[in-house]
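Counting from 1, the numbers follow the sequence of the chain as shown.
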Amino acid sequence: MARITIGSAPDSWGVWFPSDPEQTPAGRFLAEVAAAGYDWIELGPYGYLPTDPAELSDRLDEHGLRVSAGTVFEHLHRPDSFADVWAQVTDVAALTRATGGEHLVVIPEPWRDHRTGAALESPALDPGAWRRLTGGMDELGRRVSEEYGLRVQFHSHADSHVGHQRDIERFLADTDPRWVGLCLDTGHVAYYRGDNLGLIRRHPDRIGYLHLKQVDPDVLDEVENEDLTFPEAVRRGVMCEPPRGVPPLGPVLDAAAGLGRDLFAIVEQDMYPCPPERPLPIARRTHTFLAGCGAGALDLGRPRG
């Protein structure tokens, strides 16, 4: 069994944007994620945490935290978009490398607005757009690896062009495993009734990173019956506190440990926007819950002041 290193992310503190008055302040997030027991974090939206490497390193050291990955959104399916995406990637990749991170999680831009849910483009890609997406991701992964020494992990997402399991498997078939791994987000897969364990079984060599997340089946029924946007689904609580939702996380962790290589597994629970006092108790309970999951070796960290 390999070691699974558990961490958390700004997402679990209601953070979706670099700056927003409804979000938990960055200082409070850093203090509380450490207090909840996590040693590892993702950077979240670029600009939420300090972007100066020395300043950020000092802030992380204050709380005994380390960085697993940076995160960036892409829109490579659009014509002539690579230069714009790459300009964003370079900032995030440089900061990730400077703070010791090993991965870059790349998420497709939703076809609905991430704040309002308004439709911005068609939910389906034509063949040309699909080729631009997959070819662009291969190029992005190669350059990130060669220029920054990071591994690109593609993250399927609700309200994006790669959300359903059929889209994920098509994406994996059409991209180069040398340059693009899969960040298996258990909640976003379950959001479209996908099979997380099936993806691990069928694509063991592509699983490079995990996001641990659950969905509430009752709210998911509302999402489907009412065609809710992802922001509205989150406001209704579709992403819920473990172990109240699906998929069961113990079997996912066991299957991931059985792959035979060390992995990061980052806890996320979308809850934008939320009261500032809500995230910490959930994070503490989730940390305690995960300590009892999985037969493999879990590196969880310890709660601290």
Side-chain angles (χ1 to χ4, degrees), residues 1-7 9 40 42 68-71 74 96 101-108 130 133-142 144-146 149-158 160-215 242-243 245-268 290 292-300:
M1 287 289 183
R3 177 171 294 276
I4 307 296
T5 299
I6 306 293
W40 294 84
E42 289 182 1
S68 62
T71 305
E74 60 80 18
T96 303
E102 300 176 9
H103 302 273
L104 185 69
V105 177
V106 180
I107 306 173
W130 183 263
L133 167 62
T134 55
M137 280 301 306
D138 282 345
E139 177 68 5
L140 190 73
R142 182 187 66 80
V144 167
S145 175
E146 293 177 352
L150 305 177
R151 177 67 171 164
V152 161
Q153 309 292 351
F154 186 82
H155 178 309
S156 66
H157 199 281
S160 83
H161 296 110
V162 186
H164 291 85
Q165 183 155 338
R166 61 179 181 272
D167 304 322
I168 299 169
E169 302 213 48
R170 181 187 178 196
F171 177 86
L172 293 176
D174 291 346
T175 51
D176 192 329
R178 292 177 300 172
W179 311 123
V180 183
L182 180 66
C183 170
L184 181 68
D185 186 299
T186 58
H188 281 277
V189 171
Y191 190 86
Y192 290 115
R193 312 287 187 179
D195 180 2
N196 282 279
L197 293 178
L199 284 168
I200 296 173
R201 285 195 302 269
R202 286 192 291 277
H203 305 281
D205 295 336
R206 300 301 291 273
I207 307 299
Y209 199 87
L210 300 175
H211 277 176
L212 300 179
K213 188 181 297 184
Q214 288 190 327
V215 298
V246 295
L249 295 180
V252 170
L253 289 167
D254 286 345
L259 294 174
R261 58 183 179 276
D262 295 347
L263 292 168
F264 283 104
I266 303 301
V267 177
E268 287 195 329
L290 288 172
C293 284
L298 297 183
D299 183 357
L300 268 160

Excluding sequence neighbours, so at least two apart, what forms side-chain contact (heavy atoms from CB on, under 4.5 Å) with [X]?
{"X": "Phe171", "value": "Trp130, Leu133, Thr134, Met137, Phe154, Val162, Thr175, Val180"}
{"X": "Asp299", "value": "Arg3, Thr5"}
{"X": "Gln153", "value": "His103, Arg151, Cys183, Tyr209"}

Which heavy atom in [X] sits nearest to a heavy atom in [Y], and how many Å separate them?
{"X": "Ala2", "Y": "Gly260", "result": "CB-C, 3.8 Å"}
{"X": "Ala158", "Y": "His188", "result": "N-ND1, 3.0 Å"}
{"X": "Gly163", "Y": "Ile168", "result": "O-CD1, 3.8 Å"}
{"X": "Val246", "Y": "Ala190", "result": "O-CB, 4.0 Å"}
{"X": "Ile200", "Y": "Val252", "result": "CD1-O, 4.1 Å"}

If the condition is salt bridge (charged side-chain N to carboxylate O under 4.0 Å, His left out), which residues does [X] pass it with, not counting sequence neighbours?
{"X": "Arg193", "answer": "Asp221, Glu224"}
{"X": "Glu102", "answer": "none"}
{"X": "Arg142", "answer": "Glu139, Glu146"}
{"X": "Asp195", "answer": "Arg201"}

Spacing of [atom1] belonging to [X] relative to [atom2] belonging to [Y], to within rounding of 0.5 Å:
{"X": "Asp167", "Y": "Leu172", "atom1": "CG", "atom2": "CG", "result": "11.0 Å"}
{"X": "Leu184", "Y": "Leu210", "atom1": "CG", "atom2": "CG", "result": "6.0 Å"}
{"X": "Thr96", "Y": "Leu150", "atom1": "OG1", "atom2": "CG", "result": "6.0 Å"}
{"X": "Thr186", "Y": "Glu268", "atom1": "OG1", "atom2": "CD", "result": "9.5 Å"}

Can you sort out the partners of His203 under ring-ring contact (aromatic ring centres under 6.0 Å, His included), two or more places apart, ordered by chain and number? none

Report the C-alpha separation of Leu199 and Glu169 in whole Å, then their side-chain angles, then the decisive distance to 0.1 Å, and conclude whether the side-chain contact (heavy atoms from CB on, under 4.5 Å) test is met. CA-CA 8 Å; Leu199 284 168; Glu169 302 213 48; 3.8 Å; yes

Asp262 and Ile4, any side-chain heavy atoms less than 4.5 Å apart: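 Sidechains of Asp262 and Ile4: no contact.
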
Are Leu212 and Ile6 close enough that some pair of their side-chain heavy atoms sits under 4.5 Å apart?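 Yes, close enough: below the 4.5 Å cut-off.
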
Has [X] got a side-chain atom pairing as donor or acceptor with [Y]'s backbone, closer than 3.5 angstrom?
{"X": "Asp138", "Y": "Asp176", "value": "yes"}
{"X": "Gln214", "Y": "Pro247", "value": "yes"}
{"X": "His211", "Y": "Ile266", "value": "no"}

Residue list, side chain to side chain donor-acceptor pair (under 3.5 Å) with [X], at least two apart or on another chain:
{"X": "His161", "value": "none"}
{"X": "Asn196", "value": "none"}
{"X": "Asp205", "value": "none"}

side-chain contact (heavy atoms from CB on, under 4.5 Å) between Ser145 and Val152, intermediate numbers included: CA-CA 8 Å; Ser145 175; Val152 161; over 6 Å; no

